[in-house]
Amino acid sequence: MNKKIELLAPAGDLERAKVAIRFGANAVYLGGKRFSLRSRASNFDICDIKDACDYAREYGAHIHVTINIIPHDEDFDGLEDYLKELDEAGVTAVIVASPTIIQTVKKVAPRLEVHLSTQMSTTNLKAIDYYKRLGVDRIVFARECNLEEVSMISKNSTVPTEAFIHGGMCVNYSGRCTLSNAMTLRDANRGGCAQSCRWKYHLIQDGKEMSQEDRLFSMSSKDLMAIEFLYDLMDSNVASLKIEGRMKSAYYIASVVHTYRKAIDEISETEKPLSEERLKYYANELSKAENRPTSIGFYRGLPTHHAHLYGINGVGVTHDFVGVVMNYDQELKIAKVQVRNVFAIGYELEVFGPHIDNQSFVVEMIKNSDGEYIELANQPMTIVEVNMPFQVEPQDLIRRK
């Protein structure tokens, strides 16, 4: 069993990278301003990337940077200089989807590990042998691989492997979609995906609408949640477990990373699969994140219609996340809290963080920045004082019980 398996988390900006690391990620992957498939989520310039690397180093974590576009000739401009900058910034690995970019990395920044993106649809050992000869240091499985394939390949591969455990799936093979290109002229494989699969469509045949007005056609799949396969993946010698979601909120990342961190640590300690009771517990913890409906993806084989979203569009955002702890007065047992969503006197709230696990309390006192006692905290980003009967730390998160 791989007890030192890497938990790899996403980040769309520096704040979220720090959250992921603080809540238990061993590594974070992020994108720069160019060369990334999530260009709209990529808020990292080279200074931010260096800051992320410095912060990660304090926690013994690593930073991976996506360079996973499918490049056209003009996309290579500036690539070599960018790779050198990443190397100097302290980046551990780059995630790529092009043999040419693999070779460029090895030529100009050989200290960088090269991880082959899921975009390259790696589903067999012969492909891994080929990419190893090109210099690849890790293979990210195609999301279409089932658990048996992941296990067999990981146990026999000469290159470390990485598998997805949570987050968005793609209706096209390994994300290589051209719907966005055709409908919006935004190239999904060069960082411009418009997520056309999540739109709702009227189906027309011979001038007659075939779809129902209250249930338009969609192509979107449910998100992946693979908590029940965690033991099998760890036992299969997989090197890294990957969470998808560079466009997700800091609260989402904290909730998901924190839950998988606890589950991985529990399995490592017991060396046994999680019991049904513990699986339900962790599944419930994951459901507290703002999320879309989930399924098990391809891990048990070809997904059925139950893994598809019908008539649902967008992310099911919860409003359970209500605040961030700014500091705590242990003598007075009062916390200063930055408000994120509404809460009031009488609410039962729950605190979780890197060193605190779901401690709950009832709100008995709220005081605003003017020193006035109030019944309701409903102004986002303002600072209030709240009674807190137990020790908390700055940056711990508060949600509704």
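Only heavy atoms go into these numbers, but all of them, side chains included; no hydrogens, no water, no symmetry mates.
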Rounded to the nearest 0.5 Å, what's the gap from [atom1] on [X] to [atom2] on [Y]? Could you check?
| X | Y | atom1 | atom2 | value |
| --- | --- | --- | --- | --- |
| Asn387 | Ile345 | CG | CD1 | 7.0 Å |
| Asp87 | Arg111 | CG | CZ | 4.0 Å |
| Met1 | Asp232 | CE | CG | 9.0 Å |
| Asp81 | Asp77 | CG | CG | 10.5 Å |
| Lys333 | Glu331 | NZ | CD | 10.0 Å |
| Leu86 | Cys53 | CG | SG | 8.0 Å |

Grab the two heavy atoms, one from [X] and one from [Y], that are nearest each other, plus how far apart they are.
| X | Y | value |
| --- | --- | --- |
| Tyr252 | Ala289 | CD1-CB, 3.7 Å |
| Val238 | Glu162 | CG1-CA, 4.3 Å |
| Met219 | Leu179 | CE-CD1, 4.0 Å |
| Pro273 | Tyr231 | N-CD1, 3.5 Å |
| Phe141 | Ala163 | CD1-CB, 4.2 Å |
| Ala9 | Val257 | CB-CG2, 3.6 Å |

Any side-chain donor paired with an acceptor under 3.5 Å for [X] and [Y]?
| X | Y | value |
| --- | --- | --- |
| Glu277 | Ser275 | no |
| Ser240 | Glu6 | yes |
| Arg292 | Ser220 | yes |
| Asn368 | Gln379 | no |

Within 6.0 Å of [atom1] in [X], more than 12 heavy atoms from elsewhere:
| X | atom1 | value |
| --- | --- | --- |
| Lys336 | NZ | no |
| Asp370 | CG | yes |
| Glu148 | CD | no |

What pairs of donor and acceptor atoms, side-chain ones from residues 293-303 against any protein atom, are under 3.5 angstrom apart with sequence neighbours left out?
from, atom 1, to, atom 2, distance (Å)
Ser295, OG, Gly297, N, 3.3
Tyr299, OH, Phe164, O, 2.5
Arg300, NH2, Glu228, OE1, 2.5

Student check: side-chain heavy atoms of [X] and [Y] closer than 4.5 Å:
| X | Y | value |
| --- | --- | --- |
| Met365 | Ile334 | yes |
| Glu209 | Leu216 | yes |
| Ile398 | Val325 | yes |
| Val322 | Val342 | no |
| Ser218 | Trp199 | no |
| Phe361 | Val386 | yes |
| Ile95 | Val65 | no |
| Lys18 | Arg16 | no |

Donor-acceptor under 3.5 Å ([X] side chain, [Y] main chain):
| X | Y | result |
| --- | --- | --- |
| Lys367 | Ile374 | no |
| Asn2 | Asn237 | no |
| Tyr55 | Ala17 | no |
| Ser98 | Pro71 | no |
| Tyr131 | Arg138 | no |
| Asn68 | Ala97 | no |
| Asn156 | Ile153 | no |

Partner set under side-chain contact (heavy atoms from CB on, under 4.5 Å) for Lys132, not counting sequence neighbours: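 Result, side-chain contact (heavy atoms from CB on, under 4.5 Å) vs Lys132: Thr158, Val159.
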State whether [X] and [Y] are salt-bridged, where the test is any N-O pair (Lys NZ or Arg NE/NH1/NH2 against Asp/Glu carboxylate O) under 4.0 Å.
| X | Y | answer |
| --- | --- | --- |
| Arg22 | Glu393 | no |
| Lys107 | Glu80 | yes |
| Lys3 | Glu271 | yes |
| Asp137 | Lys106 | yes |

Stepwise side-chain contact (heavy atoms from CB on, under 4.5 Å) test for Leu116 and Thr122: CA-CA 9 Å; Leu116 194 73; Thr122 306; 3.4 Å; yes
From CA spacing to verdict: side-chain contact (heavy atoms from CB on, under 4.5 Å), Thr104, Leu83: CA-CA 9 Å; Thr104 304; Leu83 290 170; 3.8 Å; yes
ring-ring contact (aromatic ring centres under 6.0 Å, His included) contacts touching residues 258-278 (sequence neighbours left out):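 Every ring-ring contact (aromatic ring centres under 6.0 Å, His included) pair that includes a residue of residues 258-278, provided the two are not neighbours, is Phe23-His258, His166-Tyr260, His258-Phe352.
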Verdict with reasoning, Ser236 to Ser154, per side chain to side chain donor-acceptor pair (under 3.5 Å): CA-CA 6 Å; Ser236 297; Ser154 296; over 6 Å; no
Aromatic Tyr282 / basic Arg278 pairing, under 6.0 angstrom, 45° off normal: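 Yes, Arg278 and Tyr282 form such a contact.
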Cationic tip of Arg133 above Tyr130 ring, under 6.0 Å, 45° of axis: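 No, Arg133 and Tyr130 do not form such a contact.
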Those residues that, when tested against His308, pass ring pair (Phe, Tyr, Trp, His ring centres under 6.0 Å) (two or more places apart): Tyr310
Pairs touching residues 249-261 that satisfy salt bridge (Lys or Arg N to Asp or Glu O under 4.0 Å), sequence neighbours left out: Arg261-Asp265
Within residues 341-366 or reaching into it, pairs that qualify as salt bridge (Lys or Arg N to Asp or Glu O under 4.0 Å) - sequence neighbours excluded: Lys262-Asp357, Lys288-Glu350, Glu350-Arg399, Glu350-Lys401
Residues Val150, Leu233; criterion side-chain contact (heavy atoms from CB on, under 4.5 Å); working and verdict: CA-CA 8 Å; Val150 169; Leu233 292 169; 3.8 Å; yes
Worked check of side-chain contact (heavy atoms from CB on, under 4.5 Å) between Leu79 and Ile101: CA-CA 9 Å; Leu79 175 62; Ile101 292 180; 3.9 Å; yes
